[in-house]
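Every number for a ligand or one of its atoms is a count from 1 in the order of the listing. It should be emphasised that the depicted structure is a prediction, and the values quoted were computed from it without experimental measurement.
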Amino acid sequence: MDYFLINGGNRLRGPVRVSGSKNAVLPIMAASILTDGDTILRGVPDLADIRHMALLLAKLGVSVERHDDGSLHLRVEDERNCHAEYDLVRKMRASVCVMGPLLARRRQAQVAMPGGCAIGDRPIDLHVLGLTTLGADSELVGGDLVLRGKKLRGGEVFLGGPFGSTVLGTANVMMAATLAEGTTMIESAACEPELIDLANYLNACGARITGHGTPRVVVEGVKSLHGCEYTVIPDRIEAGTLMVAAAITNGELRLGNCRIDHLMAVVDRLRAIGVMVERDRDEVVVTSARRLEPITITTQPYPGFPTDLQAQFMALLSLADGNSIVTEKIFPDRFLHVAELNRMGARLRKEGPTVIIEGVKKLVGAPVMASDLRASAALVLAGLIAKGQTKVSRVYHLDRGYERFDEKLNAVGADIRRLSE
Ligand code: EPU
């Protein structure tokens with residue numbers, strides 16, 4: 001198992017290119033199940049989660065090949081298997097987004113219930129509600145959810161839950177509705193840029209989706225979808241993580257392939273902390289001031305502050321000049337990084353879905369354990385500035401969602417060694 005040894009204290013400086021968005025690519029790959037012909041995806045990051053989705057799709061009869069130019073070529077070759085097995089689903093929750101496409105195209109989907117995960121409960125009741133509203137029957141068989149629908153029909157679907165809308169639930173319903181008869185209206189749809197990207201891909205394949213990026217998405221069903229060539233959006237969470245890397249090391253990073261318009265809530269909080277974020281032609285330049293102001297952050301669905309950057313900002317606010325407050329409104333238990341950051345000298349106190357952060361003058365290197373993707377990013381960020389050496393174990397969590405993160409950071413001045421246990 002790989003781990004990182006990080007010698008902290010280096011200022012990061014220079015250009016870094018943001019990779020394509022993992023959370024945009026995963027549902028788009030699943031959507032290829034709906035199509036006849038070839039899909040060619042460009043800007044796909046080389047990540048464990050993408051390879052995992054490719055494996056799942058291969059089992060479902062889709063050939064997936066990565067070409068030398070980095071593009072991913074997908075083509076449905078065999079439509080007989082409709083079963084996403086537990087062994088694959090439990091390793092990557094995003095596997096559930098094959099459900100809508102399988103149901104719409106093959107009239108049946110059998111998908112293992114994903115179960116719990118390190119960031120808390122992850123129910124899929126809203127996915128099921130949406131798909132049954134389109135006419136599917138559902139039953140639970142041996143831990144698998146089996147959905148059947150001879151003929152899906154458009155309907156009105158409300159996807160608001162106790163924690164807001166659902167990103168992959170919206171993706172599932174949107175994908176299924178593309179081949180349903182008639183018109184579907186999704187109310188309280190998630191508005192994340194990754195869903196706009198999914199809808200743009202589907203429309204490029206011949207779907208008729210409007211309103212994507214707003215809480216009301218309308219899908220007019222069509223008879224079939226063809227393949228297309230499509231470039232995915234840059235990863236806003238990787239970009240935000242790199243912004244924190246510049247801020248926490250008092251450095252200056254020039255981010256290429258960065259959509260600042262997808263990061264307005266994040267940029268707003270960085271500026272409130274005292275970090276400068278400016279556009280410079282097609283780059284975004286992030287420069288840190290010496291003093292970090294304490295702030296409050298509440299995570300919210302897009303366009304609010306993303307839960308996927310909560311842990312990284314907590315590392316940064318550990319060094320602010322005063323007390324900050326972070327409240328998690330999407331996954332109220334997503335705090336496994338708190339105890340690990342405290343091992344490095346941070347002063348974080350959890351009270352329900354809120355963490356109070358008392359700013360300290362410095363963090364100190366320590367052996368720490370990554371628990372999930374974004375928590376591991378937070379620990380690497382803390383390691384970049386900690387005094388001495390930090391050992392981050394279980395970096396396979398990081399490798400799921402950050403493409404060659406250690407190499408990217410080393411290229412701008414970090415000192416990270418990847419070693420194997
Ligand atoms: N929820 C329900 N019922 C459902 C589905 C969700 O109550 O049927 C609740 C969840 O428990 C949560 C909230 O709704 O409280 C939002 O969950 P959502 O369904 O939107 O999460 P997701 O679609 O499973 C995606 C991202 C996550 C990201 C969340 C929130 C992908 C592959 N995953 O998950 O990304 O945190 O949206 O923005 O797109 C990550 O990349 O590290 C990651 C975890």
Side-chain angles (χ1 to χ4, degrees), residues 19-31 45 47-50 52-53 56 89 91-100 111 113-133 138 145 157-175 186 188-198 215 232-233 235-241 262 265-266 299-312 328-334 336-337 353 370-378 397-403:
S19 299
S21 162
K22 163 182 87 80
N23 288 350
V25 176
L26 291 172
I28 291 177
M29 286 174 76
L47 293 171
D49 271 11
I50 304 293
H52 195 90
M53 180 58 89
L56 172 59
V89 177
K91 290 192 191 131
M92 189 184 67
R93 222 191 147 276
S95 309
V96 297
C97 61
V98 298
M99 199 155 64
V111 177
M113 291 286 281
C117 107
I119 67 177
D121 282 351
R122 315 263 316 252
I124 55 166
D125 55 311
L126 295 169
H127 301 230
V128 179
L129 173 78
L131 295 174
T132 51
T133 306
S138 80
L145 184 69
V157 178
F158 179 75
L159 286 183
F163 300 100
S165 187
T166 161
V167 175
L168 292 181
T170 302
N172 259 326
V173 178
M174 195 197 279
M175 290 188 281
I186 309 173
S188 195
C191 303
E192 271 65 7
E194 293 75 18
L195 286 165
I196 302 180
D197 217 31
L198 173 64
V232 294
I233 52 170
D235 196 308
R236 64 191 167 102
I237 305 302
E238 188 202 356
T241 306
H262 291 166
V266 176
T299 65
Q300 284 168 336
Y302 189 83
F305 188 92
T307 170
D308 291 343
L309 284 170
Q310 177 255 105
Q312 299 89 318
E328 177 53 69
K329 292 261 181 137
I330 310 291
F331 296 113
D333 296 323
R334 193 177 200 174
L336 286 177
H337 45 283
S371 55
D372 74 82
L373 170 56
R374 308 304 171 187
S376 32
H397 287 294
L398 188 86
D399 294 335
R400 293 185 55 183
Y402 290 91
E403 192 180 33

Residues at least two apart in sequence or cross-chain that pass side chain to side chain donor-acceptor pair (under 3.5 Å) with Asp372, listed by chain then number, are none
Rounded to the nearest 0.5 angstrom, the CZ-CG distance for Arg122 and Leu168 is 7.5 Å
Side chain to side chain contact (heavy atoms under 4.5 Å, CB included) with His262: of Pro303, Pro306, Pro193, only one passes, and it is Pro193
Side chain to side chain donor-acceptor pair (under 3.5 Å) filter on Ser95, not counting sequence neighbours, yields none
Residue set satisfying side chain to side chain donor-acceptor pair (under 3.5 Å) with Asp308, at least two apart, ordered chain then number -> Arg334
Per the under 4.0 Å non-hydrogen criterion, ligand 1 touches Lys22, Asn23, Arg93, Ala94, Ile119, Asp121, Arg122, Pro123, Ile124, Asp125, Leu126, His127, Phe163, Ser165, Thr166, Val167, Leu168, Thr307, Asp308, Ile330, Phe331, Arg334, Leu373, Arg374
Under 4.0 Å between a side-chain nitrogen and a carboxylate oxygen: does that hold for Lys22 and Glu194? no
